[in-house]
Amino acid sequence: MIVRFGYVAMSTVVKNASPSKTMTMASFTKLNNRDAAIRKLERIAAENLHNTLRLLKHNRAYDIKVYRFSSKLIPLATHADLTDWDPFIALKDDFADVGKYVREHGMRVSFHPDHFTVLSTPRPEVLQNSIRDLQHHVQMLDAMGLNAMAKNNIHIGGAYKDKQTASARFEENFRGLDPRIQERLTLENDDKTFTAQETLAVCQNLGVPMVLDIHHQWVNNDGEKPWELWSDILKTWQGNLAQADATLDQPLPPKIHVSSPKSPTELRSHADGVEVAPLLAFLREIAPYTPALDVMIEAKSKDTALFDLMKDLSNFSEEGVKILSEASVEVLA
DNA sequence: ACCTGTCAAGTCTGG
DNA sequence: CCAGACTTGACAGGT
């Protein structure tokens with residue numbers, strides 16, 4: 001099994017390369033020239049995209065093929081007071097440059113719209129804002145010229161004291177989405193509400209690939225071991241929306257998220273790094289029937305956590321873990 | 001240079 | 001019905 005590692009949004013190695021610089025609505029309003037204020041927003045966005053490209057070049061240098069973009073590339077992009085603003089006109093080339101680099105180097109990229117995107121909500125205005133946010137993420141990927149292999153990963157959302165009804169409502173709302181949004185979605189189990197089994201059931205009903213977060217599964221489960229769900233999770237990546245796009249030239253490897261608890265009393269919080277043992281136990285279990293896997297590291301130390309994990313993995317070279325590059329390994333079955 | 005409160009957005013809990 | 005927690009990087013405004 002070939003395993004590629006990636007990280008989220010920002011680097012702790014590359015300095016002054018934030019892809020998430022922003023402007024608050026308060027300071028936007030303070031600027032008396034609205035056109036100038038909008039140009040400033042566009043300058044910040046261009047800087048974020050430029051830093052994103054710098055990070056991708058850093059990734060390229062270390063063979064990091066898996067990366068999650070910041071959702072905050074364009075400040076205030078979906079704010080209610082700025083609906084007349086189309087940032088994609090001014091940022092066309094900046095987005096295209098990022099997408100071109102991704103395609104040229106065969107990278108796997110994604111977004112993770114944050115927890116305000118809730119398709120299980122009973123509130124119409126929240127649903128509308130969620131759809132708007134998803135549209136925005138699709139528009140960014142389209143502006144990069146990336147096909148449906150580039151996904152937007154979300155959670156099911158709130159339970160509203162009735163998970164059955166909430167997940168049914170999620171499914172109903174999903175079915176009402178534009179196919180361009182649908183084909184780019186993946187669903188991830190969360191650490192408080194919807195377990196891996198419950199998330200898997202929704203993925204199966206909708207034909208959506210499931211991203212298994214093994215830390216979330218550890219703190220929020222139905223008594224199963226994570227690998228006991230894997231053969232079914234694997235199927236959600238095959239023969240569904242992940243490959244519905246005729247332009248997809250190769251199957252998309254399944255993806256998991258990994259992180260470690262910050263402390264014994266803060267089990268859900270993310271630690272600086274990632275513990276090798278639980279991850280390796282999982283990888284060994286699934287290696288016999290999983291040809292390829294992408295692993296998103298969600299740790300405070302970002303790419304440094306990735307490099308540290310690779311160092312830890314290198315200690316298992318006598319035990320079936322073959323180091324392939326700075327950010328990929330082969331786990332022998 | 002460093003510190004603290006705040007930020008557009010949702011949900012859940014507890015008062 | 002409302003305040004605070006949750007969680008996170010960065011702003012904004014202070015020293």
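By convention in this document, chain letters (A, B, ...) are assigned in the order of the sequence lines, proteins followed by strands, and residues within each chain are numbered from 1.
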Problem - Under-4.0 Å side-chain N/O to phosphate OP1/OP2 contact, A:T24 with C:dC11 - result: no
Problem - Integer angstrom distance from the P of C:dA10 to that of B:dG10 - result: 23 Å
Exercise for the section: For A:S70, report the nucleic acid contact type (base, sugar-phosphate, nothing); a contact means any heavy atom under 4.0 Å. Expected result: nothing
Practice task
Indicate whether OP1 or OP2 belonging to B:dA9 is found under 4.0 Å from a side-chain N or O atom of A:R132.
Solution key: no
Problem - P atoms of C:dA3 and B:dT6, separation to the nearest Å - result: 14 Å
Exercise for the section: Return no unless some side-chain N or O of A:K72 is found under 4.0 Å from OP1 or OP2 of C:dC11. Expected result: no
Problem - Side-chain H-bond candidate by donor/acceptor type, A:T117 with A:D133, under 3.5 Å - result: yes
Problem - Output field: ring centroids A:F170/A:F194 closer than 6.0 Å - result: no
Handout entry: Whole-angstrom distance between B:dC12 and C:dG9, as gauged at atom P
Key = 24 Å
Problem - side-chain hydrogen bond (donor to acceptor under 3.5 Å, both in side chains) between A:S325 and A:D63, intermediate numbers included - result: CA-CA 7 Å; A:S325 75; A:D63 196 50; 2.5 Å; yes
Exercise for the section: Looking at every strand, decide which applies to A:T78 at a 4.0 Å heavy-atom threshold: base, sugar-phosphate, or nothing. Expected result: base
Exercise for the section: Consider the side chain of A:K300, meaning its heavy atoms from C-beta on, and name the nucleotide among C:dC11, B:dG10, C:dT8 that approaches it most closely. Expected result: C:dT8
Exercise for the section: Check every atom of C:dA12, C:dA10, C:dC6 against the side chain of A:M10 and return the nucleotide holding the closest atom. Expected result: C:dA10
Exercise for the section: Describe the nucleic acid contact of A:A159 in one word from base, sugar-phosphate, nothing, applying a heavy-atom distance below 4.0 Å. Expected result: sugar-phosphate
Handout entry: A:H112 and A:H137 aromatic centres sub-6.0 Å
Key = no
Exercise for the section: To the nearest Å, give me how far apart CD1 (A:I44) and P (B:dC7) are. Expected result: 18 Å
Practice task
Give the rounded distance in Å between these two atoms: NZ of A:K192 and C1' of B:dT11.
Solution key: 8 Å
Handout entry: Residues A:D272, A:K300; criterion salt bridge (charged side-chain N to carboxylate O under 4.0 Å, His left out); working and verdict
Key = CA-CA 4 Å; A:D272 290 351; A:K300 289 254 187 212; over 6 Å; no
Handout entry: Euclidean distance for C1', C:dT8 against B:dA1 (whole angstrom)
Key = 23 Å
Handout entry: side-chain N/O A:Y160 vs B:dT11 OP1/OP2, d < 4.0 Å
Key = yes
Exercise for the section: Looking at every strand, decide which applies to A:K21 at a 4.0 Å heavy-atom threshold: base, sugar-phosphate, or nothing. Expected result: sugar-phosphate
Completion exercise
On DNA chain C, more 5' by nearest nucleotide between A:M23 and A:D191 is A:D191
Handout entry: Assigned partner base of B:dA8, Watson-Crick or wobble definition, under 3.5 Å
Key = none
Practice task
Tell me whether the OP1 or OP2 atom of C:dC11 has a side-chain N or O from A:S27 closer than 4.0 Å.
Solution key: no
Exercise for the section: Kindly point out which of B:dT11, C:dC11, C:dG9 is positioned nearest to the side chain of A:T121? Expected result: B:dT11
Practice task
Quote, to the nearest angstrom, the P distance that separates B:dA8 from C:dA12.
Solution key: 10 Å
Handout entry: N or O in side chain of A:S20 less than 4.0 angstrom from C:dG9 OP1/OP2
Key = no
Completion exercise
Separation of B:dG10 atom C1' from A:N173 atom CG, nearest Å, is 15 Å
Practice task
For A:F116 and B:dA9, say yes or no: do the ring centres fall under 5.5 Å of each other while the ring planes differ by less than 30°?
Solution key: yes
Exercise for the section: Nearest 0.5 Å please: distance from the CZ atom of A:R169 over to the CD1 atom of A:I156. Expected result: 12.0 Å
Practice task
Determine the contact category for A:K30: base if any of its heavy atoms lies under 4.0 Å from a base atom, sugar-phosphate if only primed atoms, P, OP1 or OP2 are that close, otherwise nothing.
Solution key: sugar-phosphate
Completion exercise
Among the nucleotides B:dA9, B:dA8, B:dT11, whichever has the atom closest to the side chain of A:M25 is B:dA8
